[in-house]
Amino acid sequence: MNISSSSSSRVTIDGVEYPYEKDGYTIYCNRLCFLDQRVLCAFKVVGAPHSIIHINVYNPPSWYALVNPPLTTGVIRTPDGTILNDSMTIVDYVADSFPSANLMPHDAIGRAQLRMFVELFNSRLSPYIFRILMSGSVEAQRSNFELLLSGAREANIHIVKQWQRPSGGGGPFWLGNRFGYVEIVLAPVVNTLVVLKHYRGLEIPETLEYAAFNHWRSEFSKSPLFVEPCPSNQEMIAAFENVVV
């Protein structure tokens with residue numbers, strides 16, 4: 001296998017080239033995917049210079065297999081040529097590589113509490129959003145929505161407790177006024193609730209038991225650190241048009 005590179009910012013492998021940012025970061029993404037949005041948000045928050053190459057997942061360029069053989073997106077090439085291809089791994093890498101951005105709490109307890117909150121979302125909220133969208137049965141949609149609401153109530157309790165801690169600083173983000181790891185990882189997932197409302201007419205109630213959750217969601221939804229790198233609500237709704245059952 002013959003590998004070469006040049007100042008043109010392309011790597012050649014056996015005569016096939018792929019583009020990248022020379023001496024910088026390259027993100028290969030489909031910005032309509034919430035996993036890829038995590039990566040875009042992470043780089044926006046830390047302010048790391050990078051280039052973005054948008055990949056059509058239904059018709060990826062032939063060279064993309066050289067970057068990521070499974071052809072999934074949400075991939076980065078680091079300045080030293082390392083390829084990372086998992087959104088959570090990439091966000092962790094960014095947090096470690098740019099410690100001055102303070103994406104994570106500095107203490108072990110704070111980090112553990114943060115990870116517990118992320119895991120709560122991964123197990124108690126995210127699966128039900130997509131099950132509702134993928135189900136053609138109204139009964140199944142309602143059943144899954146009740147489970148989603150239960151998870152949202154539990155998330156609300158965690159947010160209230162966090163805002164009472166010194167690291168929470170009263171909100172509106174997990175780390176007070178700092179848009180950090182929690183928002184990078186979870187905001188793209190929570191934002192799919194706009195898709196749920198549009199196609200299923202279901203939304204988190206504006207009641208006291210969801211008040212902190214709704215306030216947190218409202219605040220990150222209008223932050224430039226989320227709005228600028230991510231697609232609009234209308235773009236997300238349109239992206240799901242041929243997916244929703």
Side-chain angles (χ1 to χ4, degrees), residues 34-35 37-38 41-42 45 86-88 91-92 95 103-135 137-223 225-226 230 233 236 240 244:
F34 75 88
L35 299 175
Q37 291 164 24
R38 290 171 170 171
C41 281
V45 172
D86 173 79
S87 66
M88 293 294 289
V91 176
D92 285 342
L103 300 185
M104 299 272 284
H106 298 295
D107 62 294
I109 291 295
R111 286 174 177 254
Q113 290 166 333
L114 177 152
R115 294 194 185 281
M116 287 172 59
F117 186 62
V118 171
E119 177 53 32
L120 167 65
F121 261 82
N122 290 340
S123 61
R124 297 290 310 282
L125 283 92
S126 304
Y128 301 114
I129 295 174
F130 295 102
R131 287 179 192 176
I132 294 167
L133 290 171
M134 298 299 106
S135 175
S137 163
V138 174
E139 182 179 352
Q141 292 169 19
R142 288 291 178 181
S143 174
N144 281 299
F145 186 60
E146 289 303 318
L147 293 171
L148 171 62
L149 290 179
S150 175
R153 288 192 294 271
E154 189 171 347
N156 191 84
I157 293 171
H158 279 256
I159 293 171
V160 170
K161 288 181 178 178
Q162 171 61 14
W163 287 350
Q164 292 170 345
R165 299 174 186 131
S167 62
F173 304 126
W174 185 260
L175 295 176
N177 62 2
R178 197 164 72 244
F179 191 109
Y181 187 98
V182 162
E183 288 71 36
I184 289 169
V185 170
L186 299 182
V189 182
V190 178
N191 198 48
T192 58
L193 289 172
V194 302
V195 180
L196 198 66
K197 179 181 178 181
H198 179 83
Y199 288 106
R200 297 296 187 234
L202 301 172
E203 58 183 326
I204 306 296
E206 293 287 344
T207 55
L208 183 60
E209 57 192 338
Y210 307 103
F213 177 92
N214 286 329
H215 181 56
W216 170 66
R217 178 188 173 193
S218 173
E219 289 300 310
F220 76 63
S221 295
K222 60 189 179 186
S223 168
L225 297 173
F226 176 73
C230 294
N233 289 348
M236 287 299 296
F240 274 82
V244 174

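Computation of the quantities below employed the complete heavy-atom set of this structure, encompassing side-chain atoms and omitting hydrogens, waters and symmetry-equivalent molecules. Not measured: the values here are computed from a predicted model. Along the sequence shown, residues carry numbers from 1.
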Can you measure from CD1 (I184) to CZ (R38) and round to the nearest 0.5 angstrom? 11.0 Å
Roughly how far apart are I159 CD1 and Q164 CD, rounded to 0.5 Å? 12.0 Å
Ring-face cation of R115 near Y181 (centre distance under 6.0 Å, axis angle within 45°): yes
Pick one: which of W216, F121, F117, W163 meets ring pair (Phe, Tyr, Trp, His ring centres under 6.0 Å) with W174? F117
Does atom CZ (R111) have a neighbourhood of more than 12 heavy atoms from anything else shown, all under 6.0 Å? yes
Give me the atom names and distance for the closest heavy-atom approach of Q141 to S135. NE2-O, 2.8 Å
Side-chain heavy atoms of V190 within contact of I204, under 4.5 Å: no
Nearest heavy-atom pair of A212 and N156: which atoms, and what distance? N-OD1, 2.8 Å
What distance do L133 atom CG and Y199 atom OH have between them, rounded to the nearest 0.5 Å? 9.0 Å
Working to the nearest 0.5 Å, report the span between CD of E209 and CG of N214. 10.5 Å
Nearest-0.5 Å distance that lies between atom CZ in F34 and atom CG in N191: 12.0 Å
Is there a side-chain contact between L149 and Y210 in this structure, where contact means two heavy atoms from C-beta onward sitting under 4.5 Å apart? yes
Counting C-beta onward and ignoring hydrogens, is there a side-chain heavy-atom pair between M236 and T192 closer than 4.5 Å? yes
Determine whether more than 12 heavy atoms belonging to other residues, nucleotides or ligands lie under 6.0 Å from atom CG of D107. yes
Do H198 and N233 come within less than 4.5 Å of each other through their side chains, counting heavy atoms only? no
Can you find a heavy atom in the side chain of L193 that is under 4.5 Å from one in the side chain of E203? no
Tell me, do R200 and K197 make a side-chain contact under 4.5 Å, heavy atoms counted? no
side-chain contact (heavy atoms from CB on, under 4.5 Å) evaluation trace for Q113 with K161: CA-CA 10 Å; Q113 290 166 333; K161 288 181 178 178; over 6 Å; no
Exercise: identify the closest heavy-atom pair between P105 and L114: CD-CD1, 3.6 Å
State the CG-CD distance between L175 and E183, to the nearest 0.5 angstrom. 7.0 Å
Would you say the side chain of I129 lies within less than 4.5 Å of the side chain of L148, judging by non-hydrogen atoms? yes
Within the 4.5 Å heavy-atom criterion, are L202 and R142 side-chain neighbours or not? yes
